[in-house]
Amino acid sequence: MSVANKGFSQRSAWAADQPIGYLMHKALAHPELISLAAGFVDQASLPVEATRSAATALLQSPDMARAALQYGTCAGDDLLRSQILARLRAADGTNAVEPKLEQVVLTAGSNQLLFLLAEALLDPGDIVLCDAPTYFVFMGIVKNMGARAIGIASDEGGMRMDALRVELERLEATRELHKVKAIYVMSSFDNPRAVSLAPERRPQVVEIAKAFSREHLVYVIEDAAYRELRYAGSDAPSVLSHDRACDQVVYAGTFSKSFSPGVRVGFGVLPAPLAAAVLDIKGNFDFGSPHLNQRLVSEAMRLGLYEPHVALLRDVYRGKLAIMLEALDTYLAPLGARYLRPEGGLYVWVELPASVDTAVNAPLFERSVEEGVLYVPGEYFFSHESGVPRSFMRLSFGVQSGERIARGVQGLARAIERTLG
Ligand SMILES: Cc1ncc(COP(=O)(O)O)c(C=O)c1O
């Protein structure tokens with residue numbers, strides 16, 4: 001029976017068929033598999049001591065403890081919001097734009113922020129322009145609203161600005177520009193490729209969004225989920241820092257990757273009117289994300305426990321990435337695989353010879369399971385509107401040990417060899 005026959009909403013039908021469901025089912029049904037698919041973070045380095053110290057400090061004073069255990073505000077804890085702004089200022093340099101506290105909204109993970117943004121911006125039929133490939137959960141959110149994600153060509157410097165302009169001009173010519181509500185970019189080590197938006201493209205995306213904001217504002221959503229997971233090279237000022245008027249760019253951040261996904265603390269820095277619209281919706285949704293967790297993260301920062309933890313994570317992931325790249329060089333490169341060598345993030349994006357289809361219903365996927373490995377097929381990261389290449393896969397080095405990463409890549413190599421015949 002279809003969803004509609006059960007009396008469910010149109011939105012629930014739009015939300016159905018999450019691609020990740022099948023992979024999670026496989027992983028649960030075969031716990032022995034080495035999952036290079038899950039985007040989970042490293043287990044051993046989760047901040048147990050820092051969280052214990054922050055919790056102890058927080059609960060020491062009964063007044064502080066009671067405040068943390070009470071409802072917070074819809075926008076979230078003031079101290080954490082100001083700490084976030086201070087860190088952003090430090091990362092973007094002194095010349096950067098200075099967003100105000102009222103522009104910062106704390107959410108239950110940054111995914112909730114993405115969802116609330118979609119609620120605030122998208123009507124059925126509206127359009128969001130994304131990289132091809134892009135974060136598939138975000139595409140799911142767009143679909144959930146009955147809206148469309150259109151993929152823009154993207155290279156090793158992230159979304160191509162010439163292609164973005166061409167697509168906006170095309171949409172203007174077909175009288176669809178009014179449907180374009182946002183351009184979604186992941187500025188640092190994106191998901192799935194760990195590619196960053198080139199520094200020179202960061203002001204350009206703001207200029208282009210402004211130039212095409214003819215009937216209404218076209219927002220730039222800058223998802224910076226992996227910004228702190230940098231293992232080489234140096235950071236560039238955010239896209240947000242190029243929005244001098246503070247009216248066009250939304251910056252989405254999270255403590256999931258840099259601290260703990262279990263605390264579910266994410267945030268957004270939004271143009272003030274959009275922050276107000278998001279808070280209206282959030283008021284209906286939960287009137288505030290878990291206050292205790294926000295206070296915990298804030299306390300860990302106040303006690304000076306956050307920065308050393310991020311430094312430790314960088315060392316851990318730098319090591320795991322090196323192991324994955326070495327295994328790829330040894331086992332997959334000779335089979336004709338090509339891959340990017342990222343400077344951060346949690347993923348390596350692999351392109352196999354064109355004859356190899358990575359889809360779940362193609363032979364390689366089952367053979368990989370037989371060889372004990374799970375990967376994420378590249379097809380999930382592309383919008384069906386914009387063409388879906390078949391020979392890519394995303395590998396994550398986040399959660400597995402170095403030894404299992406190497407073994408997983410060897411298993412993949414065997415599966416590919418069998419598929420190549
Ligand atoms: C690009 C990107 N954005 C946002 C998120 C959401 O993370 P969270 O809700 O844990 O903050 C993720 C999670 O993997 C992600 O990969």
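Counting starts at 1 for both ligands and their atoms, in listed order.
Ring centroid separation for the pair W349 and F392 comes in under the 6.0 Å cut-off. Two rings, from F365 and Y375, have their centers less than 6.0 Å apart. Checked against a 6.0 Å centroid threshold, the rings of F255 and F267 count as neighbours. With ring centers used as reference points, Y135 lies 6.0 Å or more from F381.
Side-chain contact check for K282 and Q112: at least one donor-acceptor pair (N or O, by modelled atom type) lies under 3.5 Å.
Close approach of ligand 1 to A225 (heavy-atom distance below 4.0 Å) involves ligand atoms 2 (C), 3 (N). Interface of S256 with ligand 1, defined as ligand atoms under 4.0 Å from a residue heavy atom, comprises 8 (P), 10 (O), 11 (O).
Polar contact check, N191 against ligand 1: a nitrogen or oxygen pair lies under 3.5 Å apart.
For atom 14 (O) of ligand 1, the nearest non-hydrogen atom from the set M186, K257, R264, Q112 belongs to K257. Comparing V265, T134, V41, T254 by heavy-atom distance to atom 11 (O) of ligand 1, the nearest is T254.
Side-chain contact between Y317 and Y231 is present, with heavy atoms from C-beta onward closer than 4.5 Å.
Of all protein heavy atoms, the one closest to atom 3 (N) of ligand 1 is D223 OD2, 2.6 Å. Looking at atom 7 (O) of ligand 1, its nearest protein heavy atom turns out to be S110 OG, 3.6 Å. Regarding atom 12 (C) of ligand 1, its nearest protein heavy-atom neighbour is Y135 OH, 3.2 Å.
Using a non-hydrogen distance threshold of 4.0 Å, G266 does not register as a contact of ligand 1.
When heavy-atom distances to ligand 1 are checked against a 4.0 Å cut-off, Y226 comes that close only through its side chain, counted from C-beta outward.
Put simply, the residue from Y226, F189, F397 that forms a ring pair (Phe, Tyr, Trp, His ring centres under 6.0 Å) with Y347 is Y226.
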